[in-house]
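For reference, the structure discussed in these notes is given below.
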Amino acid sequence: MTREAAAEILNRIALLLELKGENPFKTRAYKMGAEIVESYAGDIMQLAAEEKLAGIKGIGDALRDKLHEMATTGKLEFYEKLKAEFPETLFELFEISGLGPKKIAALYTTLKVGSIADLKRVCESGEAAKISGFGDKTVAKILEGIAFREEHASEFRLDQVYALAQNILEALRGHPDVSRAEVCGSFRRGKEVVHDLDFLVSTKHPERVIGDFVKLPEVEKIIAQGGTKASVYASNGVQCDLRAVSSAEFPFALNYFTGSKEHNVMVRQRALDQGLSLNEYGFTVVGDHASTDMATVHEERDIYRTLGLDYIEPELRENTGEIEAAERGKLPRLIELENLRGVFHNHTTASDGKATLREMAEAARELGMQYLGIADHSKSSFQANGLHEDRLRAQIAEIRALNAEFDGHFHIFAGSEVDIHKDGTLDFDDGLLAELDYVVASVHSVFNLPEAEMTARIIRAIENPHVTMLGHVTGRLLAQRPAYAVNIPKIIDAAAANGTIIELNASAWRLDMDWRWWRLAKEKGVKCSINPDAHSTHGLQDVLFGVRAARKGWLTRSDVINCLPLGEVEEALRAKAKR
DNA sequence: GCCGTTTTCGGCCCGACTGTTTTCAGTCG
């Protein structure tokens, strides 16, 4: 059993125990256990199998035995019995915003609600509103939650599909009959969520490749299988499509299936204007334009060149002006992962992170970073074990000591992710903020303010001279929780006026600020910081998702503060502090 | 369920907000 599967089972046990009204500290122990299993540095399932789990904090006798059982038998009797008491679909209900274990338990015991379909029915029929503790507003909120979930049901975050896409791509590229393979579609365009994964291969033997594709270990169910294409569901529910074309067709098919549809329409129109018809198989000459120069097309780049355009990176293909820019040679040179020199906004065990300060520093160093910014939560974020003044001061001292140890080879910046209160004041006074190397200001409470009030609240924080950057501007959780109401253009103006950086939170759950706003921010002169918001050493790698989003927002390395080498970024932070 | 130790039970994380309620329960961060 994989560690992900084991962690999932522990999490589900926690949910079911909560439903049964178990001691909340017991359910928390299971949740903690799940987190440890997910993030443990080392092969925890191997250790579990060999009964070598002793001494891991948070894993006691009970969890140790359960992990051993899962690692050796592939299942857990305790869980099998527990889940047999409830319908399998019950877990869906926990995904509805506004519903917790108590309400779910009430719905289940009084009305036998065991699925979202049941839930919708009893809310609409008026039965739910009659349950003690429920009312019209509760029911309206639940229905809103259901609607949001339905609207986003087919969306997958990048953390859910990235490894899958890489694994399948690798398998395809390793196939003896495949000469070229790519992922196309919205994944290639760097969208923040995707609906499916589209793979493309060039081959002389499509039937062999397709036959092997549907037998990949990642494949759960075959939806369709033909001579040139196949569709399957992967085990995590993501639909994966494969198309096989010839080598000559490959660049055209790659371009076509990458989209976006709107971009394709514009490109085809441009081709027509030049007497060429473009489709997923190639160019054909139309009318009397027989003399058009049809350079041989080997790469996608050649298609654009034939049409008199610079190569347009996939992330830019949204028909938002990229074709005009390509025509005039004005496309930006997009940022690349390798351009990042360091990362700001990361957490440690001091608040809700899973790795210590030293572990985070070592991990960042191993990734080739020159510096690491720590920004643990501030005191108001109780749920995240936010730091009070004394603990923050102790952390600053710890960071200074570690830096002395690094002796210039690596640097840790002492920061804080300070809560923005409802009125726009910050969680620490200016004196303490001034002791820090930098400050990330974020909203973590009172999400439901009217837009004007929320905007004013955030602008007040931006105007605090100690605030270096603004954290996750809209608070959205992709496919789970909508953004709070906030006027982004006004936020951008305020950031520009105060020299405040805006974060591009690189967590696959957030990707916030959204890529659609970065061109405006860039025009106004606002700098971006691509922040992993890492809560573990592994989380540092989320910068990958952030870079994709930044590219989609037309950003170059000079727009992104953490592309600066150590000396220059120190200078930039000092300059901001002096303003 | 885990942890720690004044070695075996008692503590474990707090506050705001909302909606349902007449004093609080549930949810969220």
Counting distance alone, no hydrogens or angles: does the base of B:dC13 have a donor or acceptor under 3.5 Å from a partner atom on the side chain of A:R28?
yes

C1' gap between B:dA16 and B:dG11, integer Å
25 Å

Would you call the rings of A:H444 and A:H472 parallel, tilted or perpendicular, where under 30° means parallel and over 60° means perpendicular?
perpendicular

Output field: ring centroids A:Y162/A:F545 closer than 6.0 Å
yes

Please check if the side chain of A:H195 supplies one atom and the backbone of A:S154 the other of a donor-acceptor pair under 3.5 Å.
yes

At under 4.0 Å, does any side-chain N or O of A:N448 touch on OP1 or OP2 of B:dT18?
yes

Taking only the side-chain nitrogens and oxygens of A:K31, find out if one of them lies under 4.0 Å from OP1 or OP2 of B:dG1.
no

Span that lies between the P atom of B:dT6 and that of B:dT21, in whole angstrom
48 Å

Rounded C1' spacing from B:dC14 to B:dC9 in Å
24 Å

So if I define the base as every atom that isn't primed, P, OP1 or OP2, how would nucleotides 20-27 of chain B read as a B/S/- string at a heavy-atom cutoff under 4.0 Å?
S-----SS

Consider salt bridge (charged side-chain N to carboxylate O under 4.0 Å, His left out). Of A:R516, A:K552, A:R157, which one does A:E192 pass it with?
A:R516

Rounded to the nearest angstrom, tell me the gap between atom CD1 in A:I96 and atom P in B:dC28.
11 Å

Distance, P atom - from B:dG26 to B:dT20, rounded to whole angstrom:
14 Å

Picking from B:dC3, B:dT18, B:dA16, the nucleotide nearest the side-chain atoms of A:K141 would be B:dT18

For B:dT7, does the glycosidic angle fall within 90° of 0 (syn) or outside that (anti)?
syn

Using atom C1' in both nucleotides, what's the gap between B:dT27 and B:dC13 to the nearest angstrom?
15 Å

I'd like the C1' distance from B:dT23 over to B:dT18, given in whole Å.
15 Å

Mind checking whether A:Y438 and A:F413 have parallel, tilted or perpendicular rings, split at 30° and 60°?
perpendicular

Looking at the side chain of A:L63, which of B:dG4, B:dT18, B:dG1 is the nearest nucleotide?
B:dG1

Please classify the nucleic acid contact of A:I56 as base, sugar-phosphate, or nothing, using heavy-atom distances under 4.0 Å.
sugar-phosphate

Any idea which of B:dG15, B:dC12, B:dG4 is nearest the A:N23 side chain?
B:dC12

Can you measure A:I9 atom CD1 to B:dG1 atom P for me and round it to whole angstrom units?
15 Å

Interatomic distance, A:E18 CD vs B:dG1 P [rounded to whole Å]:
15 Å

Pick the P atom in B:dC12 and in B:dG19, then give their distance to the nearest Å.
31 Å

Test side chain to side chain donor-acceptor pair (under 3.5 Å) applied to A:N448 - qualifying residues, sequence neighbours left out
none

Applying the 5.5 Å / 30° rule, does A:F382 stack onto the base of B:dC14?
no

Just how far, in rounded Å, is C1' of B:dC28 from CG of A:D352?
14 Å

Using a 4.0 Å heavy-atom cut-off across all strands, classify A:K66 as base, sugar-phosphate, or nothing.
sugar-phosphate

Using a strict threshold of under 4.0 Å (side-chain N to carboxylate O), is an ion pair present between A:R393 and A:E398?
no

May I have the distance from A:L53 (atom CG) to B:dC2 (atom C1'), rounded to whole angstrom?
15 Å

Face-on cation placement of A:K66 at A:F78 ring, 6.0 Å and 45° thresholds
yes

